[in-house]
Every structure is written in structure tokens, then in C-alpha cells.
Amino acid sequence: MDENGTDGWNIVVCVKQVPDAADVSIDPDTGRLNRSDAEAVMNDPDYNSVEAALELREQVGGTVTALCMGPPNAEEVLAEAVAMGADDGVLMTDRAFGGSDTWPTSLALASGAAELDADVVLAGEETTDSSTGQVPPGIAAHNEWAQLTYVEELEPDPENDRLIARRDIEGGYERVAADLPVSVAMSYGENVPRTAGLHRKIYAETEFDPEEWSAEKLGIEDEVGLAVSPTQVGGMDTAEPVPREQETVDSADELADRIAEVL
Amino acid sequence: MAAVGEPDVDLDAHTDVWVFIEQHDGEVAAVSWELLGKGRDLADQKGEDLVALVLGEDLEESGIPDEAIDRGADRVLVADDPVFAPYRADAYGQQFRHLVEQRKPDIVLIGGTHTGRDFAGRVAVPTHAGLTADTTELEITPDQYEMRRPAFGGDALATIICPNHRPQMSTVRPGVFDEPSRGDGDGAIEQVEVVVEENDTKSEVLEREVGDVADITDAEVIVAGGMGVEGEFGPLERLAELLDAELAGTRDAVEAGWIDPARQVGQTGKTVRPKLYVAVGISGAIQHVEGMDDSETVIAINNDPNAPIFENADYGIVGDCDEVLPQLIEALERQEVAA
């Protein structure tokens, strides 16, 4: 029983649609990012958080709802989470969200998670397109919840309404117990995401239709978007490549000599 | 009430450069001193104070506040209480936020460690501050303060500005700035009011184990393996032993279960800056290169002459690692005998 007196936990997992990192390139002539060819995919670290959400549901019961903020076609990543085993999905889509930095983005996801009455909200460690890692702690901060980041393993403690995590810290690890509700950022690659089952896949493709929420529905239409984002991108430069010798040697002996010179 | 997009922030009321001094059990994270050096530079340009913040227990005995002054701080704010040991995001966030609201800094620098990245948002969100992640360059131009960070796997550098909100916060990558040496400072140490009550905290540290896992970010020499190693890390271990090196791996090698996740180098792993980086069977995807690009010398062993790693290496050899590695080990053993 959770704090709401119902069986199991309301588990919410945030997923994001990103351009496939392998397809994003820099145009050598203009120095601009070339992302138009990039396929839109689910943020890779999110597979780990979906897996963790499903494992948590297996342990404590309850439901897993995938939550996504993005354009209408981002429902594809929700369908993917549903195919993996999530019970349902909600798409937060609204022009009002456009241009949001991590402050309004985490506000929107925090509002969505609160609307879903989440006991646990999970997310990937960071996204491959902006890689700030600021959103999971931001969700916790907006809702004044506990947080667990850099999580390697989760251990539910439903009797005490707590979630225990083994976290990666510099030079070691720690085990931290956090009160529910809690925002969790799973470390990348810490579990093996399951593949979608055939029946779920067919359901996700043919019957699943996510609920769509606007900023107004969440009552945050004046608190999201570019205008309330504290940070702005002031420019984008091509990074100077680090100058390297790029010398090819013919033998291992020669390589050993080079190593000896350096050390 | 301010209109949307025009927050009611008196930009001029915010002054001084703050640096968070991260310590665990009296051990200071090196990046904190690096930031104090950079912070001194920024504060001098602005003609303002450099303020260091230390949170923890028994801090006076640790000598950390004194050291912060000797390394350049004009003032040190100390929050000393058992509630801050060991580190917890909610306790740190609440105390730090209180200080920011009370004293209104202009610029705040926090190390881009797991700790720094964990709690920075708990300060930036309630104060509606701008927070930039993983910055590698900080600059005051005549017009504004600019924070730069790698984007898109390190191929691009984004400039982030924070025109209408304060403070301007960033987490900063370790190893980017030089650590200032210790001199004789004459700053002031101030004990601040602790606003965190144990009863209000939302988390509890049950166990903390440090020291059994290697921290590759400090390694002088690294031997790293990728998919080309095909699971055979034995020869890499021998090579690492000979070179007194730490072992590391690519994301693929970690996902294949060949090496511990704590030893992953790259965008989603660690950033390393050793004197020597030996890349074995690593193709050189930008996400990996971003994590090892600060290495002084890079050596690559790969059987694909067109692998991008060769463009990012100083010396390379084209060949199967199961042939090249034993030869290289033998050659190094001969040198060792000769030496």
C-alpha cells in the first residue's frame, strides 16, 4: 500500500525524442549543425529508465506511465515505451513549450508527474542532444521532492514509503534511501533494457493513442517557453579539433619507443 | 508582478563570484580549487569579491576554510553542522539556496562532479537562476558573461548567456582550469546560520564506500579498449600493469559487460586527461573522443586504417590488437629489462 492507500506505486517514466546522435554532423563549409537528416529516436539512456520502471512495477505493483514533452510526432517514443511494457503514455505537446531550457522543461515534467500523482518519476541520466543532466534534479526541485541521481540499482522499500538506490559517486558508491515521491535519474547502461514483446508491440502500433496535455491543462502556460528560460544560446561554434600528430608507425617496437618518450 | 519574460530581478543588486568548495570527509575535490583560481580571475575583472562556500561537519579542524583563503578567496562562508555529513542533495540544496537568496551573488561556480551536478538544480530552480551544465570556458566580455560548453558530442561549442536572471550559475568540468597555488591570504571566515533541520530532510545515506573503485579522471596513463578487443581484456590488463596505467573502455565495451561502468570514457561516461591514452580496438566515435580529447598524447591500435580514431591520435598502428598487443608488451618488457 502506498501513501494513497492503493496497491502499488504510480511510476512515471520520462522519455524524450532526440535526433539520432550518430546522424548529427557538422557541415565543414558552414560550421553549422546538420541535423536535418537525423532520424528521430528515443533518447538512448531512456531505455535504461524504462527498464528500471518496469522492474520496479514487477517488485511493488502499480502502473508505469510514460511521459513525454515534445512535438506531436514524439508520440512514437511513447508507443515504444508502451511496446516495452508501460501501461500508458501521456504526451505534453504545446507550442507554448517551444524554446524551453531546463528550468521550464523540468517544470513541465514536474507538473505532469504531479498530475499523474507519481510516487516515483524516472528519467535517463541525460539526453544525447543536450546532455545537461539537469532535468531529473529540476523535477525534484520544482515539486520539492527527494531525488536520486547516478543510480545504478533500485531497491524499493514500500513498507516505509521509501526508495533505496545504489548511486555512483566519485571513487565509489553509496546507498541512499529517499522518501516518496522521488525523482530518479538512472545511470546510462546500468541495466539491460528488454525488447518489446510482440503483443505489446501490436497494441502500441494499432490501438495505443496517448492522451495529449497542453500547458494550459497543467496551468503552467505562463511559466514555460523561451521567454521564461533563464539561459539562452548565444551562439554555436565548431569546436577546434585538438591538434594531433596523426603519424602511423609500422611496428610495435616503434610504438613502444613512442610510449617510452612520452612517459 | 513582473511580466512574463521580464523577471523582477534587480541585476545590479547581485554582486560577487561564488565558488562551491566540495569536500567529503575532509577531502576537497580538486575541481573546487581549480574553480577558485578561475573565480579569482573573474572577480578581479569585475572588481568584486571572491567568496568560497564550504558545507560539512567539523570544518575548522579540516583546515579547508583557511586553505580557501590561502588559495585566493576574499571571504569564506562556512555552514558547519552534522546535517551536512555525508552529502545529501536536499540538505545541501536548501542551505545553498538560502545563502543565494540572502546574499545575491552574481556568478556561481560549482564543480561538474556527481555531487555538483546533483544539487545545483536544487539551487537554480527555486531561485529561478540560469544554470549551464558542464561548462569548459567562462568569459566576461564587455557586454555579458559567457559560459561555453561542448555540444553534440564535442563537435560544437555552445555559448550560453543569462541576460535577465541571477545568479548566473554553472557546473564546470574538472581539469579545465589550473589549480591556484597556496600562498598567504588575508580573507575572512564567516560561520553562517544553518537553516536545515534533520527532521525536514527527505533522504538518508545508508552506506558510503569510497576508495575501492578507481577514479580514472585522475589517471596519468590510461589503456582503453573498445569493440575491437572482442572481450579479450587480459592483454590490456598486462599492458596497463607495465605502464602503471588505469584500464578504461568505450560505452560498447561497458554495455558488453567487459569492463566496469565506472571506467567508461566518453560523453555518457567520464572525461579523462592523462599524459598518455592508449586506445585499443576503439573506432573513435565522437561521443568517445569527447571524453579523451584532453589527453596529452594519444596512441591508437586498430585494424581499420579508416577508423576515425587515427585522426584523433598522435601515433597509430594499423593491425589486429591480438597481434599488436603481445608484440607491444614484449617490446616494453625488453625496454624495462634494459632500463
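Lettering of chains follows the sequences in order, A, B, ..., and the numbering in each one begins at 1. Because the structure is a prediction, the values reported are computed rather than measured.
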Please step through side chain to side chain donor-acceptor pair (under 3.5 Å) for the pair B:R148 and B:T159, ending with a clear verdict. CA-CA 4 Å; B:R148 270 180 273 281; B:T159 297; 3.0 Å; yes
Establish, from distance only, whether the side-chain atoms of A:T127 and A:D129 form a donor-acceptor pair under 3.5 Å. yes
B:H114 vs A:T149 side-chain heavy atoms within contact, under 4.5 Å: no
Top residue by heavy-atom pair count (under 4.5 Å) with chain B, among A:A178, A:A185, A:A177, A:S229? A:A177
Using a 6.0 Å cut-off, check whether atom CD of A:E153 has over 12 heavy atoms from anything other than its own residue. no
Contacting region of B:E255 [heavy-atom separation from chain A under 4.5 Å]: side chain
Of all of B:T132, B:D90, B:L131, B:I329, which one pairs up most often with chain A through heavy atoms under 4.5 Å apart? B:L131
Chain B: which of A:E174, A:R162, A:E126, A:E247 shares the most heavy-atom pairs with it under 4.5 Å? A:E247
Could you tell me which portion of B:A29 (side chain, backbone, both or neither) has an atom closer than 4.5 angstrom to a non-hydrogen atom of chain A? neither
What part of A:E125 gets within 4.5 angstrom of chain B, counting heavy atoms only: side chain, backbone, both, or neither? side chain
Mind telling me whether B:Y277 and B:H288 have parallel, tilted or perpendicular rings, with 30° and 60° as the class edges? tilted
Would you call the rings of B:Y87 and B:F119 parallel, tilted or perpendicular, where under 30° means parallel and over 60° means perpendicular? tilted
Just so I understand: if I count every heavy-atom pair under 4.5 Å between each of A:Y188, A:W145, A:W103 and chain B, which residue has the most? A:W103
Look at atom CG of A:N160 and say whether more than 12 heavy atoms of other residues, nucleotides or ligands are closer to it than 6.0 Å. yes
Could you go through A:E170 and B:T113, starting from their C-alpha distance and side-chain angles, then the distance that decides it, and tell me whether this counts as side chain to side chain donor-acceptor pair (under 3.5 Å)? CA-CA 8 Å; A:E170 274 84 7; B:T113 60; 4.6 Å; no
Top of B:P163, B:P86, B:G112 for chain A proximity - count of heavy-atom pairs under 4.5 angstrom: B:P163
Identify which part of A:S187 has an atom lying under 4.5 Å from any heavy atom of chain B, answering side chain, backbone, both or neither. neither
Side chain, backbone, both or neither: which part of A:D101 has an atom under 4.5 Å from a heavy atom of chain B? neither
Heavy-atom cut-off 4.5 Å, strictly under: side chain, backbone, both or neither for B:R251 against chain A? side chain
Which portion of B:V254 sits near chain A, non-hydrogen atoms under 4.5 angstrom: neither
Residue part contacting chain A, namely of B:A158, when any heavy atom lies under 4.5 Å: both
Does the side chain of A:T105 reach to within under 4.5 Å of the side chain of A:Q134, using non-hydrogen atoms? no
Please tell me whether B:D314 and B:T297 have a donor and an acceptor in their side chains that are separated by less than 3.5 angstrom. no
Between B:V324, B:V318, B:N312, the one whose heavy-atom pairs under 4.5 Å with chain A are most numerous: B:N312
Given that the side chain runs from C-beta out, which part of A:L226 has a heavy atom under 4.5 Å from chain B: side chain, backbone, both or neither? neither
May I have the step-by-step check of salt bridge (charged side-chain N to carboxylate O under 4.0 Å, His left out) for B:D118 and A:R167, ending in yes or no? CA-CA 11 Å; B:D118 189 48; A:R167 304 180 63 225; 3.7 Å; yes
Part of B:I160 within contact of chain A (heavy atom distance under 4.5 Å): both
Tell me, out of B:A133, B:A285, B:A300, who's got the most heavy-atom pairs with chain A below 4.5 Å. B:A133
Taking the side chain as every heavy atom from C-beta outward, state whether B:R122 and B:Q94 have any atom pair closer than 4.5 Å. no
Contact part of A:E190 toward chain B, heavy-atom cut-off under 4.5 Å: side chain, backbone, both or neither? side chain
For B:R173, run the salt bridge (charged side-chain N to carboxylate O under 4.0 Å, His left out) check against B:D293, B:D294, B:D134 and tell me which one passes. B:D134
Tell me, for B:E330 versus chain A, whether the close heavy atoms (under 4.5 Å) come from the side chain, the backbone, both or neither. neither
Side chain, backbone, both or neither of B:I301 within contact of chain A (heavy atoms, under 4.5 Å): side chain
Is it the backbone or the side chain of B:R166 that comes under 4.5 Å from a heavy atom of chain A, or both, or neither? neither
Quick check on B:F310 against chain A: is it the side chain, the backbone, both or neither that has a heavy atom closer than 4.5 Å? backbone
Between B:A124 and chain A, with a heavy-atom cut-off of 4.5 Å, which part of the residue counts as in contact: side chain, backbone, both or neither? backbone
Can you tell me which portion of B:V221 sits under 4.5 Å from chain A's heavy atoms? Options are side chain, backbone, both or neither. side chain
Need one label for B:T217: side chain, backbone, both or neither, based on atoms under 4.5 Å from any heavy atom in chain A. neither
Over 12 foreign heavy atoms within 6.0 Å of CG, B:D143: yes
